[in-house]
Student: 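Here it is: the structure, laid out below.
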Amino acid sequence: DAGVTQSPTHLIKTRGQHVTLRCSPISGHKSVSWYQQVLGQGPQFIFQYYEKEERGRGNFPDRFSARQFPNYSSELNVNALLLGDSALYLCASSSDRPFDSGYTFGSGTRLTVV
Amino acid sequence: AQSVTQLGSHVSVSEGALVLLRCNYSSSVPPYLFWYVQYPNQGLQLLLKYTSAATLVKGINGFEAEFKKSETSFHLTKPSAHMSDAAEYFCAVTSVRMNYGGSQGNLIFGKGTKLSVKP
């Protein structure tokens with residue numbers, strides 16, 4: 001079975017540009033969460049979606065937005081990129097019972113803003 | 001509010017020695033606790049989780065952790081380190097948010113501990 005897949009794996013953008021990151025969850029998982037991991041830090045929660053509805057939002061500016069599609073895949077969008085947005089963006093999927101199955105992470109998208 | 005503190009940003013052990021990575025949590029509700037491992041340029045891999053069943057939790061690759069409520073700790077141990085254990089380890093806490101259609105919660109991570117293993 002395929003795990004959590006994220007695309008692209010690496011991305012270089014210029015300040016002020018827009019970026020879209022994509023995530024496909026494990027088959028059967030209805031929840032997708034997004035995390036930002038700045039170099040040398042632990043991941044920080046950005047968004048959680050379940051059944052296409054936003055279920056949680058971390059302390060990130062409105063430049064960050066996300067959505068979940070009917071097939072449970074998800075997009076994370078970041079507008080007006082800043083140098084500080086450079087990070088590894090991780091997607092995690094979970095089943096209806098995340099405390100039985102755990103949260104499964106993808107390999108991430110490495111975003112560099114220049 | 002919940003938080004996680006990992007003591008020691010960098011731990012170095014010799015191959016074959018005991019591995020002890022410390023994690024203390026703060027939570028006003030019963031916590032669920034996780035340990036993840038991250039190898040260079042990769043995502044996070046679940047090592048083990050505590051979800052209010054047994055307090056001693058066994059995970060993959062010979063790791064285990066013990067939930068101690070009185071000490072608000074969830075330290076990760078392995079009796080004998082292997083070179084392949086060199087990686088960064090993250091402790092995370094969450095609680096259940098009961099919503100219609102299922103229970104969900106977001107993870108709050110510590111800053112991580114980088115484990116080095118010397119030959």
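Just so we're on the same page: letters track the sequence lines, and every chain starts at 1.
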Student: Answer with side chain, backbone, both or neither: which region of B/Glu88 has an atom nearer than 4.5 Å to a non-hydrogen atom of chain A?
Tutor: neither

Student: Any chain of hydrophobic side-chain contacts (each under 4.5 Å) joining B/Val13 to B/Leu76?
Tutor: yes

Student: With clusters defined by side-chain heavy atoms of hydrophobic residues (ILVMFWY) lying less than 4.5 Å apart, directly or transitively, does B/Phe67 cluster with B/Tyr32?
Tutor: no

Student: Can you tell me if A/Ile12 has over 12 outside heavy atoms packed within less than 6.0 Å of its CD1?
Tutor: no

Student: Does anything in residues 109-119 of chain B reach chain A? List residues with heavy atoms under 4.5 Å apart, or say none.
Tutor: B/Phe109, B/Gly110, B/Lys111

Student: Is the count of non-hydrogen atoms from other residues, nucleotides or ligands lying under 6.0 Å from B/Gln6 atom CD greater than 12?
Tutor: yes

Student: For atom CG of A/Asn59, is the number of surrounding heavy atoms from other residues, nucleotides or ligands below 6.0 Å larger than 12?
Tutor: no

Student: Do B/Phe34 and B/Val93 sit in one hydrophobic cluster, given that two such residues count as connected whenever their side-chain heavy atoms are within less than 4.5 Å of each other, even indirectly?
Tutor: no

Student: Select one option (side chain, backbone, both, neither) describing which atoms of A/Gln37 are under 4.5 Å from chain B's heavy atoms.
Tutor: side chain

Student: Would you mind telling me which of A/Pro43, A/Gly108, A/Ser107 has the largest number of heavy-atom pairs within less than 4.5 Å of chain B?
Tutor: A/Pro43

Student: Could you pull out the closest heavy-atom pair between A/Gly42 and B/Phe90, with the gap in Å?
Tutor: CA-CE2, 3.4 Å

Student: Name all residues meeting the salt bridge (charged side-chain N to carboxylate O under 4.0 Å, His left out) criterion together with B/Lys58; count only those two or more places apart in sequence or in a different chain, and write none if there are none.
Tutor: B/Glu64

Student: Starting at CG of A/Leu88, measure out to CG of B/Leu44 and round the result to the nearest 0.5 Å.
Tutor: 8.0 Å

Student: Do B/Tyr89 and B/Tyr50 belong together in a cluster built from hydrophobic side chains that touch within less than 4.5 Å?
Tutor: yes

Student: Taking A/Ile46 as the starting point, is it possible to reach A/Leu111 by hopping between hydrophobic residues whose side chains are less than 4.5 Å apart?
Tutor: yes

Student: Run the ring-centre check on A/Tyr103 versus B/Tyr36 and record whether the distance is less than 6.0 Å.
Tutor: no

Student: Examine whether an atom of A/Phe47 lies under 4.5 Å from a heavy atom of chain B, and if so say whether it belongs to the side chain, the backbone or both; otherwise answer neither.
Tutor: neither

Student: Return the minimal non-hydrogen interatomic distance between B/Leu107 and A/Phe45, and the atom names on each side.
Tutor: O-CB, 4.2 Å

Student: What do you reckon, is CZ of A/Arg63 surrounded by more than 12 foreign heavy atoms closer than 6.0 Å?
Tutor: yes

Student: Is the CD1 atom of B/Ile60 crowded by more than 12 outside heavy atoms at less than 6.0 Å?
Tutor: yes

Student: Under 4.5 Å, counting heavy-atom pairs only, tell me which of B/Gly43, B/Cys91, B/Ala92 racks up the most with chain A.
Tutor: B/Gly43

Student: Atom OG1 of A/Thr9 and atom CG of B/Asn41: how far apart are they, to the nearest 0.5 Å?
Tutor: 10.5 Å

